[in-house]
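One structure below.
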Number of protein chains: 2
Amino acid sequence: MKTVEKLPTETAREYALRAIKENIISLDLAPGTGISENEIASFLGVSRTPVRESIQELSKASIIEIYPQKGSYVSLIDSQYVEEAVFLRTVLDTAVIEEACDLATEADIQKIEDNVALQEFYLQNYATDKIYVLDNEFHRLIYVAARKETIHAMRSTILIHFDRLRSLSMMTVKDTKIVNDHRLMLDAIKNKDKETAKQLVEKHLNRYRIDEEAIRASHPEYFKVSENM
Amino acid sequence: MKTVEKLPTETAREYALRAIKENIISLDLAPGTGISENEIASFLGVSRTPVRESIQELSKASIIEIYPQKGSYVSLIDSQYVEEAVFLRTVLDTAVIEEACDLATEADIQKIEDNVALQEFYLQNYATDKIYVLDNEFHRLIYVAARKETIHAMRSTILIHFDRLRSLSMMTVKDTKIVNDHRLMLDAIKNKDKETAKQLVEKHLNRYRIDEEAIRASHPEYFKVSENM
DNA sequence: GGTACGGTACTGGTATACAAGTGGCTATGG
DNA sequence: CCATAGCCACTTGTATACCAGTACCGTACC
């Protein structure tokens with residue numbers, strides 16, 4: 001497990017949740033790893049309570065499996081859940097951007113504009129490591145503009161199943177293309193052009209198609225064995 | 001707060017979550033009510049720990065608002081969240097039933113068939129109080145058939161915002177119509193007829209249109225005052 | 001050598017103790 | 001009578017103690 005800095009503003013619970021999430025997505029807590037509430041608590045320098053609450057939450061989304069009195073494990077990558085994550089993102093993102101076309105205010109658009117401008121700036125200056133955070137923030141801002149922030153929170157939890165597979169794939173979509181997609185989406189929202197916006201989202205998501213079988217071949221121990229074989 | 005029987009199979013945490021949820025949906029814990037972890041814990045006969053974990057979970061979906069060191073409150077009915085719930089249900093249910101048309105196995109269909117048959121039986125015998133539970137189960141089985149069970153779990157949490165408004169409306173859609181809708185949906189899945197299935201879901205959801213303003217007029221104290229007025 | 005049994009050191013589930021902060025009530029002084 | 005200061009009873013947040021159940025390992029006995 002990798003160290004995560006505790007921000008002064010967050011509670012122990014928020015810190016623990018963030019630290020565990022980041023470690024799972026980055027695969028520093030690899031699929032199948034056994035985790036102990038006590039161990040993580042002492043590693044993070046907090047008590048079991050906040051750690052336990054975080055683990056409970058992740059287990060709700062099947063990111064962690066809890067076997068009472070036996071142990072807890074980071075879930076193996078399960079095609080079932082990855083598909084659910086991809087499905088949810090596809091269905092929601094397209095529906096939400098259409099809503100954003102209808103509902104976005106000037107202020108919403110300005111925030112997105114600032115975000116995209118920053119993406120373009122970092123792209124020009126080859127500081128592409130910053131783009132990952134801005135990317136997530138961009139998509140959140142779309143949900144905010146569509147007045148669907150609660151839905152976004154749920155989306156991001158289940159998306160962990162997909163995110164860690166993406167980490168594992170080490171597949172990198174050219175940042176140029178990502179940022180360009182974002183610029184075009186913003187334009188579509190400005191123009192209230194739902195049809196174009198929807199098509200852009202579909203095209204954007206298609207860039208992240210992952211060859212799961214190839215990864216399974218090189219890291220079979222990370223994957224759940226399907227029952228139907 | 002109304003008593004909820006503890007099932008012998010569930011943990012204290014599951015019991016607490018279920019009890020609190022049911023009380024919020026039934027409005028026995030009315031919107032705006034102040035709740036205390038200690039109070040609920042002693043009422044349910046468990047300690048603060050499982051109660052606290054449940055409240056934390058509900059606060060994630062904005063069902064409960066926590067003000068540290070001050071108190072926690074059942075959220076007032078907020079049009080914003082109700083709309084998010086309706087939006088989520090509409091978007092997901094239509095997309096999921098299409099998936100169910102593709103993916104449902106014989107076993108899945110048989111379970112739905114049994115459920116619908118039971119609905120029809122209770123309808124014939126005027127035991128319509130049983131239909132509410134079967135209704136929820138019916139929609140869950142559709143998600144199961146579409147291999148989207150995790151998504152269903154998230155759906156049901158956010159739907160609380162809508163469910164309690166429905167309780168408040170005391171609006172009753174004729175059970176005859178509901179059960180008939182379900183029968184037709186099942187047929188569409190059997191026939192793998194996505195288009196019909198989708199239209200049926202839309203029609204079905206339209207039956208639950210609620211006149212929020214009328215309810216707001218008769219119970220203004222349950223509603224959040226909009227900031228844009 | 002093999003097997004069965006028991007101790008031990010873990011697990012997560014629950015209960016309780018303590019900490020830090022808030023708000024209201026009361027008592028006291030003007 | 002009013003205002004203010006301080007105590008007290010509450011809140012949630014966190015840490016810790018205790019419980020029941022599990023797994024594993026070593027030992028003793030066959």
Side-chain angles (χ1 to χ4, degrees), chain A residues 1 3-21 23-24 29-76, chain B residues 1 3-21 23-24 29-76:
Chain A
M1 186 156 174
T3 304
V4 173
E5 204 72 24
K6 179 176 184 303
L7 303 174
T9 59
E10 65 191 354
T11 64
R13 183 172 183 277
E14 291 164 338
Y15 168 53
L17 179 61
R18 191 170 58 84
I20 297 171
K21 259 190 185 174
N23 271 281
I24 289 179
L29 281 175
T33 307
I35 56 183
S36 152
E37 293 181 359
N38 271 316
E39 205 177 297
I40 292 183
S42 63
F43 180 83
L44 295 178
V46 299
S47 78
R48 263 186 67 202
T49 307
V51 170
R52 177 182 164 69
E53 289 174 356
S54 305
I55 289 178
Q56 286 287 341
E57 181 175 337
L58 292 172
S59 83
K60 284 269 168 183
S62 305
I63 312 289
I64 290 178
E65 284 172 32
I66 301 175
Y67 299 95
Q69 275 70 48
K70 293 184 204 168
S72 300
Y73 302 86
V74 178
S75 299
L76 290 171
Chain B
M1 188 160 173
T3 305
V4 172
E5 204 71 26
K6 179 176 184 304
L7 303 175
T9 57
E10 64 191 355
T11 64
R13 183 172 182 278
E14 291 164 338
Y15 167 54
L17 179 61
R18 191 169 59 84
I20 297 170
K21 259 191 186 175
N23 272 282
I24 289 179
L29 280 175
T33 307
I35 56 183
S36 150
E37 293 179 358
N38 270 318
E39 205 177 297
I40 292 183
S42 63
F43 179 83
L44 295 179
V46 299
S47 78
R48 262 185 70 201
T49 308
V51 170
R52 176 180 165 70
E53 289 174 356
S54 305
I55 289 178
Q56 285 287 342
E57 181 174 338
L58 291 172
S59 82
K60 284 268 167 186
S62 304
I63 312 291
I64 290 177
E65 283 172 33
I66 302 176
Y67 299 95
Q69 274 71 50
K70 294 186 207 171
S72 301
Y73 301 85
V74 178
S75 298
L76 291 171

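Chain letters run A, B, ... following the sequence lines, proteins first, then strands; residues in each count from 1. These values consider heavy atoms only, across backbone and side chains, with no hydrogens, waters or symmetry-generated copies.
Here B:Ser72 reaches the OP1 or OP2 of D:dT12: one of its side-chain N or O atoms lies under 4.0 Å away.
Per the geometry, NZ belonging to A:Lys70 stands 8 Å off C1' belonging to D:dT22, to the nearest Å. One atom, CG of A:Leu17, and another, C1' of D:dG13, lie 16 Å apart when rounded to the nearest Å. Between the CD1 atom of A:Ile66 and the P atom of D:dG21 there is a distance of 19 Å, given to the nearest Å. The interatomic distance linking B:Glu14 (CD) with C:dG12 (P) rounds to 16 Å, in whole Å.
Counting all heavy atoms, side chain and backbone alike, A:Thr3 lies closest to A:Phe43 at OG1-CZ, 3.9 Å. Smallest separation of non-hydrogen atoms from B:Met1 and B:Leu44: CE-CD2, 4.2 Å. The shortest heavy-atom contact between B:Pro50 and B:Ala16 is O-CB, 4.1 Å. Across all non-hydrogen atoms, the minimal contact from A:Ile64 to A:Ser72 is CG2-CB, 4.3 Å.
Nearest-nucleotide positions on DNA chain D for A:Pro68 and B:Gly71 put B:Gly71 closer to the 5' end.
At a threshold of 4.5 Å between non-hydrogen side-chain atoms, the residues B:Leu7 and B:Arg18 count as touching. In this structure, B:Val74 and B:Ile63 have side chains that are not in contact, with every pair of non-hydrogen atoms separated by 4.5 Å or more. Side chains of B:Ile40 and B:Val46 form no contact here, defined as non-hydrogen atoms less than 4.5 Å apart. Residues B:Leu17 and B:Glu53 are not in side-chain contact: their nearest non-hydrogen atoms beyond the backbone lie 4.5 Å or more apart. The shortest distance between side-chain heavy atoms of A:Ile66 and A:Tyr73 does not fall below 4.5 Å.
In this structure, CD1 in B:Ile20 is found 5.0 Å from OG in B:Ser54, a value given to the nearest 0.5 Å. Atoms CD and CZ, from A:Glu37 and A:Arg48 in turn, are 4.5 Å apart once rounded to the nearest 0.5 Å.
For the 3.5 Å distance criterion, the side chains of B:Gln69 and B:Tyr67 fail to qualify, holding no donor opposite an acceptor.
Near DNA chain D, defined here as any heavy-atom distance below 4.0 Å, there are no residues from residues 33-44 of chain A. Applying a 4.0 Å cut-off to non-hydrogen atoms, none of the residues of residues 54-62 of chain B approaches DNA chain C.
With hydrogens and angles ignored, the 3.5 Å screen pairs no side-chain donor or acceptor of B:Tyr15 with any backbone N or O of B:Pro8. With A:Ser59 contributing its side chain and A:Glu65 its backbone, the two residues share no donor-acceptor pair below 3.5 Å.
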Go along nucleotides 14-19 of chain C 5' to 3' and tag each nucleotide: B for a protein heavy atom under 4.0 Å from its base, S when only backbone or sugar atoms are that close, - otherwise.
BBBB--
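A:Glu57 and A:Arg13 are joined by a salt bridge, as a carboxylate oxygen and a charged side-chain nitrogen come within less than 4.0 angstrom of each other.
For B:Glu39, the side-chain contact (heavy atoms from CB on, under 4.5 Å) test picks out B:Ser36, with sequence neighbours left out.
Over its length, the helix from C:dG1-D:dC30 to C:dG30-D:dC1 turns its helix axis by 30°, as judged from the five terminal pairs at each end, rounded to 10°.
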Give each protein N/O atom lying under 3.5 Å from an N/O atom of nucleotides 24-26 of chain D, with the pair distance.
none

